[in-house]
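Numbers here are sequence positions counted from 1. This one's a predicted model, so the numbers in the text were calculated from it and none came from an experiment.
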Amino acid sequence: MDNQTFRYSILLVEGLNITTQSSYFAFVILLMAYIFIMVSNLWILIQISAEKGLHQPMYIIYCNLPLKDVIGTTVIVPRLLRDLVTNPSERYITYVECVFQAFFIHMNGTACHTILMIMAFDRYVAICNPLRYTAVMSNNLVVKLSAGAWGTALVMVGILITLSVRLSHCRSVIQNHVCDNASLFKLSCENTVINNVYGLTFTVVLLVSSMGSVVLTYLRIAIVCLTSKNKATNKKAIKTCCTHLTLYSVMLVSGFVAIFLHRFSEYSDNRRIASIVFSVVPPGLNPIIYGLQVKEIRQNLFKLFKSLGAK
């Protein structure tokens, strides 16, 4: 990097293009969403850790999801809340902070896919090979699957961000409401063909792997349910799969829109909204969709509300 890079060690974040009155409304909504996401996801992590009956492969694998949501939301929302009540001309961030934020944002998005892939595999084994579930989903395999999900995301995102950090930069404005990889390499006046090629390959490989594994897994599960005569098991399996697919669809659509619209500057506002939806809606739905399906967690939640009501 040359001296020009260090002239822009402080960057200006464009933020959301909304009026002052709308910014205060958005602040309240996002703050409430953030509190709910943190409390609900941490509650589920505590419940699974404390309840011995939940120390099973399915729930241990699921722990990756609230953990990811807590980390990802904390990286994005507090900074966004601060910028909403800050004068647009004073929304500064250091280059180092920007790089770290971009890294964790992409880690969050990538890990979301890899974690849902191993969750789909867990459901496949449980429904299609129930008698072998305990033998197949050993603690050793659960640890390997979880490490693989996070490790894959770490390597892929690490390369992605490194390719952008190697560039010198001649601009000082982040043309987004948060720092992400595209915003980082757009600061440079150098040739970014390598960044674009790797970014496109990264996205295609991740989406094809994610969508392919989820579709094939649930097609297999659907076939098993259709050929099985156990109605109770089928009903439970369909319920589990539908909730998983609903969450996956919301995550996929909002994430895809945010990535796709990065190519079109005229739709920057739509891209930012889609990005916020991706950052807030799935983490808020996860505890509701997954957590309340677990009998022990649901009962403990009702006990908590009952005790609070008694006071």
Side-chain angles (χ1 to χ4, degrees), residues 15-18 22-45 62-84 101-102 104-117 119-120 149 153 157 176-182 203 206-207 210-211 214 218 239-262 267-294 297 301:
L16 297 174
N17 185 24
I18 57 177
S22 297
S23 67
Y24 288 117
F25 176 74
F27 179 89
V28 173
I29 297 298
L30 276 176
L31 179 60
M32 291 173 62
Y34 179 62
I35 293 172
F36 174 77
I37 289 168
M38 295 300 291
V39 171
S40 58
N41 280 287
L42 287 173
W43 163 263
I44 286 179
L45 282 172
Y62 170 67
C63 278
N64 289 291
L65 209 54
L67 178 62
K68 174 203 72 70
D69 290 338
V70 167
I71 296 172
T73 309
T74 300
V75 169
I76 298 169
V77 178
R79 174 79 202 188
L80 186 57
L81 288 171
R82 194 189 78 172
D83 286 347
L84 281 171
Q101 187 182 55
F104 282 106
I105 283 175
H106 286 281
M107 268 292 292
N108 178 59
T110 306
C112 190
H113 285 275
T114 56
I115 290 168
L116 287 174
M117 286 165 66
M119 288 178 67
V157 174
N176 203 0
H177 62 296
V178 293
C179 292
D180 59 7
N181 182 61
T203 304
L206 181 64
L207 290 179
S210 173
M211 293 173 65
V214 169
Y218 284 106
K239 182 181 177 182
T240 301
C241 295
C242 284
T243 53
H244 189 167
L245 288 173
T246 299
L247 178 63
Y248 183 80
S249 299
V250 172
M251 180 272 296
L252 192 66
V253 172
S254 58
F256 180 77
V257 169
I259 293 170
F260 180 75
L261 291 182
H262 239 305
Y267 297 115
S268 60
D269 291 337
N270 303 76
R271 182 192 74 234
R272 292 169 191 179
I273 292 171
S275 177
I276 293 173
V277 169
F278 178 81
S279 304
V280 174
V281 174
L285 289 177
N286 286 342
I288 299 172
I289 291 177
Y290 287 108
L292 293 182
Q293 279 194 349
V294 182
I297 293 178
L301 184 62

Check the pair R79, V178 against side chain to side chain contact (heavy atoms under 4.5 Å, CB included), reporting the backbone distance first and the verdict last. CA-CA 8 Å; R79 174 79 202 188; V178 293; 5.8 Å; no
Quick check: closest heavy atoms across [X] and [Y], and the distance to 0.1 Å?
X	Y	result
H106	D180	NE2-CB, 3.6 Å
P283	S279	CG-O, 3.2 Å
A153	A111	CB-N, 3.9 Å
I44	P66	CG2-CG, 4.5 Å
Y248	H113	OH-ND1, 4.2 Å
V75	Q101	O-NE2, 3.3 Å

Going by the side chain to side chain contact (heavy atoms under 4.5 Å, CB included) test, name the single residue among L30, L81, I105 that passes it with I76.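 That would be I105.
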Between [atom1] on residue [X] and [atom2] on residue [Y], distance to nearest 0.5 Å:
X	Y	atom1	atom2	value
K68	T114	NZ	OG1	9.5 Å
T73	F36	OG1	CZ	11.5 Å
S23	L16	OG	CG	9.0 Å
D69	S40	CG	OG	8.5 Å

Does some side-chain heavy atom of [Y] sit less than 4.5 Å from a side-chain heavy atom of [X]?
X	Y	result
H177	L80	yes
C63	L45	yes
N108	I71	no
I37	V77	no
Y34	V280	no

Sequence neighbours excluded, which residues qualify as disulfide bond (SG atoms under 2.5 Å apart) partners of C179?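 With neighbours one apart ignored, the set is C98.
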Between V214 and L252, does a side chain to side chain contact (heavy atoms under 4.5 Å, CB included) hold up when you go through it step by step? CA-CA 12 Å; V214 169; L252 192 66; over 6 Å; no
N64: which residues meet the side chain to side chain donor-acceptor pair (under 3.5 Å) condition with it, sequence neighbours left out?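 Scan of N64 (side chain to side chain donor-acceptor pair (under 3.5 Å), adjacent residues dropped) gives S146, W150.
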